[in-house]
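Below, chains carry the letters A, B, ... as their sequence lines are ordered, and counting in each starts from 1. Because the structure is a prediction, the values reported are computed rather than measured.
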Protein chains: 2
Amino acid sequence: MKTRSAKKSLILQEAAKLFREKGFGGTSMRDLAEKVGIEAASMYNHIRSKDEILEEICFGVGRKYDEQLSEIERQEISYPSKLELLIAFHVQMIIEDGAAVSVLNNDWKFLSAEKMTEFKTMRKEYEKHFAALLKQGMEQGFFKPMNVSIALFTILSALRWVELWYKPSRGVSKEDLAKDISALLMNGIKA
Amino acid sequence: MKTRSAKKSLILQEAAKLFREKGFGGTSMRDLAEKVGIEAASMYNHIRSKDEILEEICFGVGRKYDEQLSEIERQEISYPSKLELLIAFHVQMIIEDGAAVSVLNNDWKFLSAEKMTEFKTMRKEYEKHFAALLKQGMEQGFFKPMNVSIALFTILSALRWVELWYKPSRGVSKEDLAKDISALLMNGIKA
DNA sequence: TGAACTAACTAACGTTTGTTAGTATTTGTA
DNA sequence: TACAAATACTAACAAACGTTAGTTAGTTCA
């Protein structure tokens with residue numbers, strides 16, 4: 001049970017890296033096996049199928065987002081503070097587990113029909129809670145009154161670029177990064 | 001020459017739609033041929049290879065972005081106006097040719113090694129010009145002084161979501177959409 | 001010691017892949 | 001109407017795909 005799940009974790013971790021690089025369809029089980037250090041067939045002692053790998057990555061990281069959002073909702077702080085915490089969390093996730101986040105964002109469309117439905121439901125739920133946070137912030141006068149959907153997706157999308165761009169080598173700490181993105185989204189670019 | 005390039009255009013157009021749905025690797029030449037209405041082998045009377053399809057889409061739409069950015073740079077208007085025009089153009093491209101934009105954004109990594117280098121150069125050049133626009137706007141006091149890279153990528157990424165989200169059915173005109181996104185990026189969300 | 005379990009291996013399976021060869025059919029032009 | 005070019009077809013290719021079968025070596029524990 002200990003060694004087994006360690007090897008499975010390794011498979012999932014290497015899979016996430018390869019999926020990010022070459023996409024789900026572009027990654028073969030033989031590619032993956034080579035990274036893991038065993039033969040392709042041997043992986044089937046640890047996983048049921050290639051699809052299962054994708055599912056575990058997508059729903060594993062998805063659950064983390066859900067849990068953190070719930071945690072933030074629970075806290076008794078202002079809405080701008082909640083939004084800042086959420087932005088910081090998104091940045092942190094990308095920096096600490098960027099490959100898995102990339103799979104969540106880009107490869108969910110290769111999930112089987114049923115799992116894809118489940119995934120979309122999960123994502124829609126997340127967006128609904130995020131939107132509620134923005135809406136309540138507007139109603140209480142902390143945020144400008146505006147189209148909530150547009151605000152939501154503009155913010156979510158702005159956060160996604162970190163995954164495409166961030167490299168530890170660039171010498172920007174994740175705290176600074178989160179702070180600068182927060183500042184732009186909160187206060188805009190116009191002087 | 002006339003009929004031929006019309007069929008080739010159809011192939012490129014259907015390919016873009018399929019690549020957006022299922023990715024480059026997930027789309028087979030037989031899938032594509034069915035959409036075009038001919039046999040897979042027959043497509044080779046019009047195109048050289050699957051790779052060529054990807055290249056034509058990526059560089060075709062890339063060139064449009066370059067040309068429009070040059071056009072905006074040439075105009076004698078304020079930097080906030082330039083940025084607004086550029087934002088509106090990005091929104092318009094996605095609405096009018098979303099499939100091709102999606103391929104540009106997501107499938108460029110399946111370009112051959114040499115074409116990928118060329119593509120990255122093109123993209124870097126675009127980003128350089130976009131960044132210069134922001135930087136000059138800051139220096140002249142129109143924009144807040146801030147990290148130019150972070151501003152650039154936050155804006156570019158915020159624009160990308162339109163492709164993931166926009167459906168003509170939602171009843172938001174492209175003008176309103178562009179205006180609302182501009183407003184958030186320019187002035188922020190905080191009241 | 002020996003039975004049960006784990007996790008690796010090789011070999012092979014049936015499909016699907018992009019692409020080519022060779023041939024027929026349609027289309028435009030003289 | 002006839003010739004040529006363009007464009008479609010069928011058949012097949014070698015390679016790569018995910019996965020299964022069958023086997024072997026090593027570990028755990030009664």
Side-chain angles (χ1 to χ4, degrees), chain A residues 1-58 103 106-116, chain B residues 1-58 103 106-116:
Chain A
M1 173 84 191
K2 199 178 355 173
T3 315
R4 161 162 190 161
S5 81
K7 183 59 70 87
K8 180 163 179 175
S9 295
L10 178 61
I11 291 174
L12 295 180
Q13 180 188 317
E14 295 297 327
K17 284 197 255 178
L18 281 176
F19 291 172
R20 165 157 70 173
E21 260 180 65
K22 326 203 284 176
F24 177 73
T27 301
S28 76
M29 294 301 275
R30 288 166 179 87
D31 284 346
L32 175 54
E34 196 184 3
K35 293 282 181 186
V36 174
I38 58 180
E39 289 298 316
S42 306
M43 289 195 297
Y44 287 82
N45 287 314
H46 305 282
I47 51 126
R48 261 184 292 278
S49 65
K50 191 186 180 188
D51 283 338
E52 193 208 21
I53 296 177
L54 181 61
E55 291 162 16
E56 295 231 1
I57 295 172
C58 286
V103 173
N106 302 308
D107 293 324
W108 59 271
K109 44 182 155 175
F110 302 110
L111 289 167
S112 65
E114 42 194 337
K115 290 291 174 182
M116 192 165 108
Chain B
M1 174 84 195
K2 198 180 354 171
T3 316
R4 161 161 191 162
S5 79
K7 186 56 73 81
K8 181 162 180 177
S9 294
L10 178 61
I11 291 173
L12 295 180
Q13 179 190 316
E14 294 298 325
K17 285 198 255 178
L18 281 175
F19 292 171
R20 165 156 70 174
E21 261 180 65
K22 327 205 282 177
F24 178 74
T27 301
S28 75
M29 293 301 274
R30 287 167 181 83
D31 285 345
L32 176 54
E34 196 182 2
K35 294 282 182 188
V36 175
I38 57 178
E39 290 298 316
S42 306
M43 289 195 298
Y44 287 82
N45 287 314
H46 305 281
I47 51 124
R48 261 184 293 278
S49 67
K50 192 187 181 188
D51 283 338
E52 192 208 20
I53 296 176
L54 181 61
E55 290 162 17
E56 296 230 2
I57 295 173
C58 286
V103 173
N106 302 308
D107 293 323
W108 59 269
K109 42 182 153 174
F110 302 110
L111 288 167
S112 66
E114 40 193 340
K115 289 292 171 180
M116 192 165 107

Nearest to side-chain heavy atoms of A/Tyr44, which nucleotide of C/dT20, D/dT19, D/dA8: D/dT19
What is the distance, rounded to the nearest whole Å, between atom CE of A/Met43 and atom C1' of D/dC17? 12 Å
Base of D/dA8 paired with side chain of B/Asn45 (donor-acceptor, under 3.5 Å): yes
Measure from the side-chain N and O atoms of B/Lys22 to the backbone N and O of B/Ser28, and report whether any donor-acceptor pair falls under 3.5 Å. no
Cation-pi check, A/Lys50 onto A/Phe24 ring (under 6.0 Å, within 45° of axis): yes
So, are A/Glu56 and A/Arg48 salt-bridged, with charged N and O less than 4.0 Å apart? no
Interatomic distance where CD belongs to A/Glu34 and C1' belongs to D/dC17 [whole Å]: 16 Å
With respect to the side chain of B/Lys50, which nucleotide from D/dT19, D/dA11, C/dG18 is positioned closest? C/dG18
B/Glu52 CD - C/dG18 P separation (whole Å): 15 Å
Starting at CG of B/Leu32 and ending at P of C/dT19, how long is that distance when rounded to a whole Å? 11 Å
For A/Ser42 and C/dC9, is the shortest distance between a side-chain N/O and OP1 or OP2 below 4.0 Å? yes
Nucleotide of C/dT19, D/dG18, C/dA8 approaching A/Met29 most closely (side-chain heavy atoms): D/dG18
Just checking B/Ser28: base, sugar-phosphate only, or nothing, at a heavy-atom cut-off of under 4.0 Å? sugar-phosphate
CG of A/Asp51 versus P of D/dT19: gap in Å, rounded? 7 Å
Could you give the CG-to-P distance, from B/Leu10 to D/dA8, as a whole number of Å? 10 Å
Where each residue is assigned the nucleotide of DNA chain D containing its nearest heavy atom, which of A/Asp31 and A/Arg48 is assigned the position nearer the 5′ end? A/Asp31
Ignoring backbone atoms, test whether A/His46 places a side-chain nitrogen or oxygen under 4.0 Å from the OP1 or OP2 oxygen of C/dT6. no
Which nucleotide wins on minimum distance to the side chain of B/Lys7, given the candidates D/dA8, C/dT10, D/dT10? D/dA8
How close do B/Asp51 and B/Phe110 get, heavy atom to heavy atom, and via which atoms? OD1-O, 4.5 Å
Starting at atom NZ of B/Lys22, determine the distance to atom C1' of C/dT17, rounded to an integer number of angstrom. 13 Å
Is any side-chain heavy atom of B/Val36 closer than 4.5 Å to one of B/Lys7? yes
To the nearest Å, give me how far apart CD1 (A/Ile47) and C1' (C/dA7) are. 14 Å
When A/Arg30 and B/Phe24 are each assigned the nearest nucleotide of DNA chain C, the 5'-most assignment goes to A/Arg30
